[in-house]
Amino acid sequence: MSKDRVIFWFRQDLRIADNPALSAAAGTEKEVICLYILDDETPGEWAMGGAGCWFLHHALDSLDKDLKGLGSKLVLRAGNATEVLPDFADEISATAVFWNRLYEPYAIKRDKALKACLRERDIEVESSNASLLFEPWTVETKSGGPYRVFSPFWRACMRDCPSPDEPIKAPKSLKTPKQHPRTEKLDDWGLLPTKPDWAKGFAEIWTPGEQGAKDRLAWFLDEAAADYKDKRDRPGVRATSGLSPHLHFGDIGPRQIYHAARAQAEKQDGTAKSIEKFIAELGWREFSHHLLYHFPSLPTDNYQEKFDDFPWRDNDDDLKRWQEGQTGYPMVDAGMRELWQTGWMHNRVRMIVASFLVKHLMIHWRHGETWFWDTLVDADLANNSASWQWVAGSGADAAPYFRIFNPITQGEKFDPDGDYVRRYVPELANLPNKYLFSPWTAPDDVLKEAGVTLGQDYPEPIVDHSAARDRALGGYDDIKKAS
DNA sequence: AGCGCCTTGCC
DNA sequence: GCAAGGCGC
């Protein structure tokens, strides 16, 4: 075999445009072998969840087709990347490996070891940044050290950091060997759920892959961005970009979104405020990665240690009813069912259901984190753990624990027409808005007319709101006193 | 060192 | 009005 070949290792950057490490590999003018490794071992507890696997399957399928357009294709291998990658480099006599950086603690550790191992074998390694606007180690407070509060963090990014680079174009072609290395079959990886019914609704909503991501961004900028600021909190309205899974798997990158959004603000008068708000959401993603990078135990440990002593309740029945969307609080149940049916949940509703689990049910945020990990197509370690700790009150720059979302008034406020609840809790569809978010307050004749028998068609509330609120505040008093 | 500030709320 | 407390300059 010729010695003139390099490996491009795809990870969470499943795209060919604005992919700096892929372009660097192409720039060597050597043969480029595109590799994806399914590594369930290294992440340990954070091996990809079911919904993520569904998205990954289709994103890889799409990527392979895109690579074929460049005269290449994807080579699939499963196993522990720490072994698979060096073995593969030997197998094809690669002289260099290119990849884009990841920021999960396990990935940093693995990649560092791999770098050393490959260099020991005289194989060059070059890593690039495809996933973040700002590298976590480049943003520092004036006194040195990571930010712990979002607003000053994002101000510093916008003011002091170099502007994110313009996206780079996809390579026009990739030089590939006549004899391509052996690949495993995507279909053999079992990434699609064994219960096919589960993911049935996913495909109606998501188009994994680079083109799907581009289309979604274009739709958002053309159709929704102008109203983003006003409508982003309305789960019944299609007002958010839905780019989160694409960002996680990297079939689009944040620089592409950032610059396209900025360009839209230039082009369309009156959108500046909405676009700024949208870009700030990219900022939250950056902040989560910044936190995870600097506080690697974020996914498992309370950032504020006083929460170690919080009197969490262990209650499998309550947890199960939360997971299934059977709490008797329609806004909560709508959210949990949206999650199950679509692999996604509107951000406003994520806060409501998370607050309900952690405060009304007093169940540890880690149970919620684990459930979201398995069921979200956009499950992302940084975003998931930072956000759960934010809601739980245990995180950096977190919502105070005593700020308890009221699942009834949140519904009235953000789903005023009841469209969202009626879509996901159809058994209540005929209830008037007045009682839709608290059906147990409806007079008997109203329930009867709507065809609802509580406890039969739809559950009685699992807890009483105000009693649960008091109980949660009592728990917080305990750790306040102790600290 | 002291001060302003802090995504998303509740009653 | 209430609800802490710490961050960042």
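Order of the sequence lines sets the chain letters (A, B, ...), proteins ahead of strands, with each chain counted from 1.
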Name the pairing partner of B:dC5, where a pair is Watson-Crick or G-U wobble with both distances under 3.5 Å, or state none.
C:dG6
What is the separation between atom NZ on A:K306 and atom C1' on C:dG6, rounded to the nearest whole Å?
10 Å
Which whole-number value in Å describes the distance from A:Q410 CD to B:dC10 C1'?
10 Å
Answer with base, sugar-phosphate or nothing: what part of the nucleic acid does A:R469 contact at a heavy-atom distance below 4.0 Å?
sugar-phosphate
Checking N1-N3 plus N6-O4 or O6-N4 for Watson-Crick, or N1-O2 and O6-N3 for wobble, each under 3.5 Å, the partner of C:dG1 is B:dC10
Round to a whole Å and report the spacing from CZ of A:F402 to P of C:dA4.
6 Å
Calculate the interatomic distance between A:D477 atom CG and C:dG5 atom P; express it in whole Å.
11 Å
In whole angstroms, the gap separating C1' of C:dC7 from NZ of A:K142 amounts to 14 Å
Between C:dG8 (P) and A:R155 (CZ): distance, integer Å:
11 Å
Any Lys/Arg nitrogen of A:R11 or A:D39 sitting under 4.0 Å from an Asp/Glu carboxylate oxygen of the other?
no
So what does A:D397 hit on the nucleic acid, given a heavy-atom distance under 4.0 Å: a base, only sugar-phosphate, or nothing?
sugar-phosphate
Base, sugar-phosphate or nothing for A:S355? Non-hydrogen atoms, less than 4.0 Å.
nothing
Can you measure A:R403 atom CZ to C:dG1 atom P for me and round it to whole angstrom units?
16 Å
Would you please confirm or rule out a distance under 4.0 Å between OP1 or OP2 of B:dC11 and any side-chain N or O of A:H465?
yes
Select base, sugar-phosphate, or nothing to describe what A:Y401 touches, counting heavy atoms under 4.0 Å on all strands.
nothing
Just checking A:F405: base, sugar-phosphate only, or nothing, at a heavy-atom cut-off of under 4.0 Å?
sugar-phosphate
For A:E135 and A:Y293, which I'm curious about, is there any donor-acceptor pair between the side chains at under 3.5 Å?
no
What's A:E140 touching, base or sugar-phosphate or nothing? Going by heavy atoms closer than 4.0 Å.
nothing
N/O (side chain, A:R148) to phosphate O (OP1/OP2, B:dC5) under 4.0 Å:
no
Could you tell me whether A:K115 atom NZ has more than 12 heavy atoms of other residues or ligands within 6.0 Å of it?
yes
Answer yes when A:R366 and A:E369 have at least one side-chain N-carboxylate O distance shorter than 4.0 Å, and no when they do not.
yes
Please tell me if A:Y147 has a side-chain N or O lying less than 4.0 Å from either OP1 or OP2 of C:dC9.
yes
A:K413 atom NZ is separated from B:dT8 atom C1', nearest whole Å, by 9 Å
Touch check for A:K359, heavy atoms < 4.0 angstrom, all strands: base, sugar-phosphate only, or nothing?
nothing
Is a salt bridge present between A:D378 and A:R285, judged by a nitrogen-to-oxygen distance below 4.0 Å?
no
